[in-house]
Amino acid sequence: MAISTNKVHLGGLARRLVVDGFLSEADAQQAHQAALKQKMPFVTYLVDNKLATAKNIAHAAAQEFGAPLLDIDAMEIDPGITKLVAPELIEKHHVLPLLKRGKRLYVAVSDPTNLQALDEIKFHAGLNTEAILVEEDKLTKAIERSADIGFGNMDEADFEDLDRLEVSQDKADQKDDSDVDDAPVVRFVNKVLLDAIKRGASDIHFEPYEKFYRVRFRLDGVLSEVAKPPLALSQKIAARIKVMSRLDVSERRVPQDGRIKLKITPTKGIDFRVSTCPTLQGEKTVMRILDSSSAQLGIDSLGYEDFQKKLFLANLHKPQGMFLVTGPTGSGKTVSMYTGLNILNKDQVNISTVEDPVEINLPGVNQVQVNEKTGLTFAVALRAFLRQDPDIILVGEIRDYETGSIAIKAAQTGHMVMATLHTNSAPETLSRMVDMGIQPFAIATAINIIIAQRLARRLCTHCKKSIDLPKQALLDAGFAQADVDTGVKIYAPVGCSECNEGYRGRTGIYQVMPVSDTMRRMIMDNANAVTLADQAVKEGIPDIRRSAIKKVKEGITSLEEIDRVTQE
């Protein structure tokens, strides 16, 4: 429906924004009418539709009304103060109680002309109210944080969507969860899971301590606290998660592993891998969010340099041999492997994988999950694969001599074998396999390529800023003299409404090392990782640190971020 074009008299904040040149009169008229029609605050409409920035609006309002401007990010929100105002009023008027001094309540607002909000809060709280001006985007985040922290208010909010969440179960696996079916706890857990999905978290940590309980999300590889529910609810929260993942609720003394498939809508589901571990203060629960769409991104989205991409694809399509990916936990190895599998997944080939656990479901691929209790180990599954006419085999992780030995033999006998290890660099992978007891000759003849990788956070393109560093600091960080002499430009994080502390998303940093004939001879002569690394440099293969510095020079990430992930 078209918005009426009848002009209204612009006053207060709207007029000030027009006078200061932050907003055209036509946009102000349209925004004013649209905000009324959609029953939302004028300032919220402007920021949501990117008609004006929150910072410009706040400064214009402070000049117009003489209201004090506060950086709400620097404040610790007191849940006790937040509870003085009903969640419905906070949401309706987009305000947040901050401080109480005697009979006066100081309320954060992004639009000081919203007198109706102050009057209504004054009536319901029984306190005189005074507006404190804050930026709209920061106010939105503060309200979200207070909603998470103020767990006591959760059962008063609108949980219509949370109630519709459904945990998929086989009938044989269903358990009676009446003892933990506490509505506020159920809704809180559902809210945390939904928030994690919406914010793009990779892991959720539920952690009990002696005097508090906290929930943290891993966002772009870094943990961040998002909620502090009451400590008394720690056992109920753990029990609820166990019920959802079909674990033994009564067993609290040993670690347990499970899986949840959460149906967001009738046609969409998200998988979670669940791990519980008894700690001194209770059970800690960690949930890994398994995003199948990450395997569909394509190799161009992973951050490979052009020459690295060519090496990746050339070795991926070899008819036999071993394709190894290495790196620490959480470095994106699974996504790299499944990106390769997606490319190879054709009707003409038979692909089998053995993993612990299977993280990504890929149609057309025969996936086996390790089960130590039943004796289904990596080695047992690999032996079975070799009797099932395989073309391509994926080994989730080479952990021991037996698994490594069978995988090497498969690569030597006409099969393409993809596998992962946990090492810090490509050359170290070769030494690690020798340490497992695998013969150097077998390693030298089987392995085609080794890819070592890390994940680094991407700088937010909206707010990153260039910085100047002393030349010596750049040289010490690993930049070449030529880069320093030509004035290399590097960027640092700032932080804005579009990102998480100056970063948004992640990119891969890689060392792609094909095993050359020279390296094969060195391996058979028992060369160590340092010698192999020197040979890789001679052959023009940049190590992880050099690849990371290139990402810094391109403005993709920051120097402090590559220091964090490359650990040098």
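Source: prediction; values computed, not measured.
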Full working for side chain to side chain contact (heavy atoms under 4.5 Å, CB included) between L341 and T353
CA-CA 10 Å; L341 279 188; T353 77; 3.9 Å; yes
Please name the pair of heavy atoms, one in A108 and one in I72, separated by the smallest distance, quoted to 0.1 Å.
CB-CD1, 4.1 Å
Which atom pair, heavy atoms only, marks the closest approach of A131 to L118?
CB-CD1, 4.0 Å
Would you say the side-chain atoms of [X] pair up with the backbone N or O of [Y], donor to acceptor, closer than 3.5 Å?
| X | Y | answer |
| --- | --- | --- |
| Q453 | S331 | yes |
| D257 | S275 | no |
| Q256 | T276 | no |
| T285 | F206 | no |
| K284 | T279 | no |
| K464 | G555 | yes |
| Y338 | L362 | no |
| R454 | N424 | yes |
| R545 | A477 | yes |
| T326 | T423 | yes |

When you compare the side chain of R218 with that of S202, does any pair of heavy atoms fall below 4.5 Å?
yes
Given side chain to side chain contact (heavy atoms under 4.5 Å, CB included), test V85 with H124 step by step and report yes or no.
CA-CA 7 Å; V85 178; H124 283 275; over 6 Å; no
Are [X] and [Y] ion-paired here, with the side-chain N under 4.0 Å from a carboxylate O?
| X | Y | answer |
| --- | --- | --- |
| D195 | K191 | yes |
| R214 | E207 | yes |
| K551 | E561 | no |

Derivation of the side chain to side chain contact (heavy atoms under 4.5 Å, CB included) call for V274 and M244
CA-CA 10 Å; V274 180; M244 295 172 75; over 6 Å; no
Sorted by chain and number, sequence neighbours left out, salt bridge (Lys or Arg N to Asp or Glu O under 4.0 Å) with R253 holds for E251
Residue of the set N500, V226, V222 for which side-chain contact (heavy atoms from CB on, under 4.5 Å) holds with F217:
V226
Apply side chain to side chain contact (heavy atoms under 4.5 Å, CB included) to the pair L105 and I81, showing each step before the final yes or no.
CA-CA 9 Å; L105 183 65; I81 300 298; 4.2 Å; yes
